[in-house]
There are 2 protein chains.
Amino acid sequence: MIRLLLADDQALVRGALAALLQLEDDLEVVAEVARGDEVLPAVLEHRPDVALLDVEMPGLDGLSAAREVVARVPACRVLMVTTFGRPGYLKQAMEAGASGFVVKDTPARQLADAVRRVHSGLRVVDPALAAESLTQGASPLTERETDVLRAASDGGTVADIARELVLSEGTVRNHLSNAIGKTGARTRAEAVRVAVDNGWLVPR
Amino acid sequence: MIRLLLADDQALVRGALAALLQLEDDLEVVAEVARGDEVLPAVLEHRPDVALLDVEMPGLDGLSAAREVVARVPACRVLMVTTFGRPGYLKQAMEAGASGFVVKDTPARQLADAVRRVHSGLRVVDPALAAESLTQGASPLTERETDVLRAASDGGTVADIARELVLSEGTVRNHLSNAIGKTGARTRAEAVRVAVDNGWLVPR
DNA sequence: ACCTGGCCATGACACCTGTCACGGCCGGGC
DNA sequence: GCCCGGCCGTGACAGGTGTCATGGCCAGGT
């Protein structure tokens with residue numbers, strides 16, 4: 001019997017996934033949580049064999065939650081189940097120690113198989129996404145450029161960003177300019193869009 | 001036996017919802033589609049009693065798909081099931097002729113109830129969202145302002161927008177300025193964010 | 001017929017942005 | 001040690017952006 005934990009902020013999806021997985025004879029959902037910061041406590045309490053984590057969650061994003069789980073409870077495998085197939089997410093998830101990565105528009109029946117493979121120690125990765133991730137590679141943005149672009153993503157002015165990150169306005173403009181150049185964009189908004197689409201930037 | 005159609009672009013979610021609803025004795029999923037433009041053909045072919053539609057779908061958005069179904073197959077009730085609780089979506093959904101509107105983070109067990117209520121001719125609306133929708137009201141943006149803001153949402157420059165909508169650059173700037181004023185924003189990017197959050201703008 | 005309000009356009013102006021050149025600081029690798 | 005590359009800052013400049021005033025056109029309501 002494989003014990004599962006489900007983490008997804010949408011109660012309907014969470015419940016539906018539970019219903020889907022309960023249909024399998026060898027799977028058992030032992031815990032459900034709605035927030036990223038509830039994952040580790042729930043894992044510690046219920047000791048599941050596999051944790052299915054969404055990337056986008058309130059409180060704490062799924063990637064950070066995965067890191068926590070891998071560090072504190074190595075016996076629990078982590079399978080990321082995400083809405084968006086951003087190439088960068090895959091890389092970050094693997095670096096975080098996740099054992100698998102599936103997109104939410106993969107066929108439903110494959111999920112149970114993925115869970116079993118992960119539980120048996122194998123790694124599960126969406127093939128199409130893996131290919132894209134290899135060609136696409138990692139983020140070209142430096143850490144600071146990412147910070148600045150992230151701060152710019154809610155539409156604030158340069159002065160706002162400078163205040164938020166405690167930087168000079170000139171520096172902010174430079175980082176933005178670099179980010180714009182590296183993303184091939186012509187506007188900061190375009191740069192944000194490109195970075196988010198590639199998974200170099202976690203939205204919000 | 002209530003016959004259901006499911007429309008959601010994420011196969012995993014779609015399959016999971018199907019599993020969840022099949023558990024009910026009086027519900028039967030007769031069709032599943034992944035795209036908005038597949039909804040009407042499937043409805044015509046399978047004649048479901050209730051259609052569950054996601055708002056965000058490729059091909060055709062859920063609201064337009066709802067309009068199609070209501071116009072062509074009045075016997076089929078429409079229940080919108082969406083990820084985001086944007087107040088504006090509710091209003092648009094009701095104007096499109098939908099019989100219900102539930103958010104994906106409502107408890108899973110309520111979905112079957114909502115389906116039954118809708119099937120019996122009642123209207124189902126998320127209470128919290130209804131309240132917000134009433135206070136929030138409709139979009140303050142004119143049609144043209146919405147168009148321009150929408151065109152601006154992918155980060156293009158004023159010249160790009162003018163070319164795309166075949167307008168003068170000055171006119172574009174005026175519409176943008178108006179939209180910025182009405183949304184209480186200080187940047188076009190901020191205005192886009194506000195408009196999207198309130199459901200005045202359909203993303204992408 | 002009149003007025004209102006949305007849409008389109010022009011022109012002008014202050015301000016913000018994106019870019020470039022330049023310099024300084026620091027940690028890591030040959 | 002030296003050089004490289006990321007990080008931070010300054011200053012300056014062309015061009016884009018947001019705002020305002022002004023005016024014409026047209027549909028709908030009184």
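Everything numeric here is computed off the predicted structure, so don't read it as measured data. Letters A, B, ... are given to chains in the order of the sequence lines, protein chains preceding strands, and every chain is numbered from 1.
When rounded to the nearest whole Å, the span between CZ of B/R163 and P of D/dG16 equals 11 Å. Atom CG in B/L149 sits about 14 Å away from atom C1' in D/dG18, given to the nearest Å. Between A/E169 atom CD and D/dA12 atom C1' the separation is 15 Å, expressed in whole Å. Between A/R173 atom CZ and D/dT10 atom C1' the separation is 10 Å, expressed in whole Å. As a whole-Å value, the separation of A/E143 CD from D/dG5 C1' is 15 Å. Taking atom CG of A/D160 as the reference point, atom P of C/dT17 lies 8 Å away to the nearest angstrom. A straight line from CZ of A/R144 to P of C/dC26 spans 16 Å, rounded to a whole angstrom. If you take CD of B/E145 and P of D/dG18, they are 14 Å apart, rounded to a whole angstrom.
In this structure, the side chains of B/L21 and B/L111 come closer than 4.5 Å at one or more pairs of heavy atoms. Between B/E56 and B/D61, the closest side-chain pair of non-hydrogen atoms is not below 4.5 Å. The shortest distance between side-chain heavy atoms of A/E32 and A/L5 does not fall below 4.5 Å.
B/L52 pairs in a side chain to side chain contact (heavy atoms under 4.5 Å, CB included) with only one of the listed residues (B/V118, B/V115, B/D8), which is B/V115. Evaluated for a side chain to side chain donor-acceptor pair (under 3.5 Å) with B/D113, the options B/R116, B/Q110, B/R117 yield exactly one hit, B/R116.
Side-chain N/O atoms of A/T157 include one lying less than 4.0 angstrom from OP1 or OP2 on C/dT17. Not one side-chain nitrogen or oxygen of A/S177 sits closer than 4.0 Å to the OP1 or OP2 atom of C/dT17. Residue B/S168 places at least one side-chain N or O closer than 4.0 Å to OP1 or OP2 of C/dT10. OP1 and OP2 of C/dC7 both lie 4.0 Å or more from every side-chain N or O belonging to B/H175.
Under 3.5 Å, the side chain of A/N174 and the base of D/dC7 form no donor-acceptor pair of N or O atoms.
Between B/A195 and B/L141, the closest heavy-atom pair is CB-CD1, 4.4 Å.
Both B/V158 and A/T171 lie near DNA chain D, and the one whose nearest nucleotide falls closer to the 5' end is A/T171.
Using a 4.0 Å cut-off on heavy atoms, none of the residues of residues 178-191 of chain B approach DNA chain C.
Within a 6.0 Å sphere centred on CZ of A/R35, heavy atoms belonging to other residues, nucleotides or ligands number more than 12.
Axis angle, first five pairs versus last five pairs of the helix from C/dA1-D/dT30 to C/dC30-D/dG1: 30°, rounded to 10°.
Separating the NZ atom in A/K182 from the CD atom in A/E145 is a distance of 3.5 Å, to the nearest 0.5 Å.
Using a 4.0 Å cut-off between charged nitrogen and carboxylate oxygen, B/R150 and B/D147 do not count as a salt-bridge pair.
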